[in-house]
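Position 1 is the first residue of the sequence; numbering continues from there. Note that the coordinates shown come from a computational prediction; the quantities given were computed from them, not determined experimentally. Note: hydrogens, waters and symmetry copies are ignored here, and every other heavy atom, side chains too, is used.
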Amino acid sequence: MKSTAVRRATVSIAMAAALTGVAACSGSDSDGGSGGSSGGGDKAAGKAKTQANPISALRSVEKSTDKADSAKVESTTTMGTIMSMEADGALGWSDGLTGTLTITYTGGTMADQMRQLGTTSMEARYLPDAYYAKMGDKFAEQSGGKHWIKYAYDDLADLAGGSGAYMKDQMQNTTPNQSVKLLLASGDVKKVGEEKVRGENTTHYSGTVDVADLAGESSNLTADQLADMKRQLEQAGVTTETIDIWVNDEDLLVKKVEKGELATGSMSSTAFYSDYGVKVSTEEPPAGDTADFKDLMQTQPAA
């Protein structure tokens, strides 16, 4: 019974880390249309738009960041009393989300649970069809010596109705420019001013997003899935969030801050982006060292 409890707790924590870690590095998911703008080229014209029209400027930023294909990322996230965590690594998005992050829990109830599992840090690998979490030796002792948990995105879609489908959509399609798309979809964005971020000249933009409405506009979900997801968002107390982004002279996102309120308290995440175009190489862990989360969750605790 103890073995089952450890496995099931680890599966839940690792799944939460997967979604929270990548969301913190990339922003809440939105595939909403960003509209047309002048294509790739003229930097001077892009800068003129940055000065004159926030919407036009962000359209250029969204395209430039998307075309960069990859970047190094580092983030911090706090979600009420549930958790605070840090993530660091590199992500690519040219053909689905790929990359590796080191995720470390620094506080909250999830950090306490991770300590009971013998570690507060885990390696996360993102591949186009699945996410993998490397847990500690204590988990391996309870799972036949296997250190990795595999979460196939198609299996995630079967979890919790619309919430699971939305999770799959986020994990497969989330990229750093999603926060830019959210601001574009909201229509509520303003230029704050020129600021330095880690020594780099940037332009700061800010806006407010209605989370439930945007999820409906931007996700490829059925009406039933969308209704399920909205109910869960409402139960979590998610209504609106503020997003601030900082953009450099090459129309690339260099910093993002998101803040909102949950039923469990305040949520905030800050992410920094650098080394756009960095090579990202991620491999599937050895099959013999990997347990499937479906198998772990199907193990029923003793009565």
Side-chain angles (χ1 to χ4, degrees), residues 9-30 65 71-91 93 97 99-115 117 119-126 131-135 151 156 163 166-167 169-171 173-183 197-198 206-209 211 214-215 232-233 236-246 253-274:
T10 306
V11 167
S12 299
I13 292 170
M15 185 160 56
L19 185 59
T20 308
V22 75
C25 290
S26 54
S28 303
D29 185 37
S30 168
T65 301
K72 291 182 179 179
V73 294
E74 54 184 289
S75 70
T76 58
T77 302
T78 299
M79 298 183 71
T81 58
I82 296 176
M83 69 172 171
S84 57
M85 60 178 281
E86 299 174 349
D88 182 75
L91 295 174
W93 52 90
L97 183 70
T100 302
L101 296 177
T102 299
I103 298 174
T104 303
Y105 285 97
T106 56
T109 55
M110 280 197 175
D112 294 337
Q113 292 173 343
M114 286 290 284
R115 290 189 190 96
L117 298 171
T119 182
T120 56
S121 182
M122 56 178 276
E123 180 182 339
R125 294 185 186 178
Y126 301 88
Y131 156 78
Y132 296 83
K134 186 177 184 180
M135 310 307 297
Y151 300 84
L156 286 180
S163 178
Y166 189 59
M167 184 183 296
D169 187 52
Q170 281 204 315
M171 296 291 286
N173 300 314
T174 299
T175 59
N177 65 354
Q178 299 301 335
S179 52
V180 182
K181 290 182 178 181
L182 277 171
L183 289 177
V197 174
R198 295 184 169 182
S206 181
T208 302
V209 171
V211 177
L214 279 179
Q232 296 201 19
L233 285 172
V238 180
T239 54
T240 61
E241 67 177 4
T242 59
I243 298 178
D244 289 80
I245 63 172
W246 288 258
L253 187 65
V254 297
K255 181 182 177 183
K256 177 218 65 170
V257 174
E258 294 188 42
K259 294 182 180 180
E261 293 295 327
L262 307 174
T264 55
S266 299
M267 178 278 292
S268 66
S269 69
T270 300
F272 293 91
Y273 311 91
S274 62

*Derivation and outcome, side chain to side chain contact (heavy atoms under 4.5 Å, CB included), residues T76 and M85*: CA-CA 6 Å; T76 58; M85 60 178 281; over 6 Å; no
To the nearest 0.5 Å, tell me how far [X] [atom1] sits from [Y] [atom2].
{"X": "Y151", "Y": "Y126", "atom1": "OH", "atom2": "OH", "result": "11.0 Å"}
{"X": "I82", "Y": "M267", "atom1": "CD1", "atom2": "CE", "result": "11.5 Å"}
{"X": "K134", "Y": "T100", "atom1": "NZ", "atom2": "OG1", "result": "11.5 Å"}
{"X": "I103", "Y": "M122", "atom1": "CD1", "atom2": "CE", "result": "5.0 Å"}
{"X": "T208", "Y": "E241", "atom1": "OG1", "atom2": "CD", "result": "9.5 Å"}
{"X": "T270", "Y": "E74", "atom1": "OG1", "atom2": "CD", "result": "11.0 Å"}

Close side-chain approach of [X] to [Y], heavy-atom, < 4.5 Å:
{"X": "V254", "Y": "Y273", "answer": "no"}
{"X": "S269", "Y": "K256", "answer": "yes"}
{"X": "N177", "Y": "L253", "answer": "no"}
{"X": "L101", "Y": "L91", "answer": "yes"}
{"X": "M114", "Y": "M135", "answer": "yes"}

Minimum heavy-atom separation for [X] and [Y], please, with both atom names.
{"X": "E258", "Y": "I243", "result": "CG-CG1, 3.9 Å"}
{"X": "I245", "Y": "S179", "result": "CG2-OG, 4.0 Å"}
{"X": "Y131", "Y": "A124", "result": "CE1-CB, 3.4 Å"}
{"X": "A111", "Y": "T120", "result": "O-CG2, 4.2 Å"}

*Is the number of heavy atoms from other residues, nucleotides or ligands under 6.0 Å of K255 NZ greater than 12?*
yes
*Quick one: list whatever passes side-chain contact (heavy atoms from CB on, under 4.5 Å) with T102, sequence neighbours left out.*
T104, S121
_Going by ring pair (Phe, Tyr, Trp, His ring centres under 6.0 Å), name the residues that satisfy it together with W246, two or more places apart in sequence or in a different chain._
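With neighbours one apart ignored, the set is H204.
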*Could you tell me which residues satisfy salt bridge (Lys or Arg N to Asp or Glu O under 4.0 Å) with K72, sequence neighbours excluded, listed by chain and number?*
D275
*Can you find a side-chain donor-acceptor pair between S84 and T106 that sits under 3.5 Å?*
yes
*With a cut-off of under 6.0 Å to the ring centre and 45° to the axis, is R198 in cation-pi contact with F272?*
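So R198 does make the cation-pi contact.
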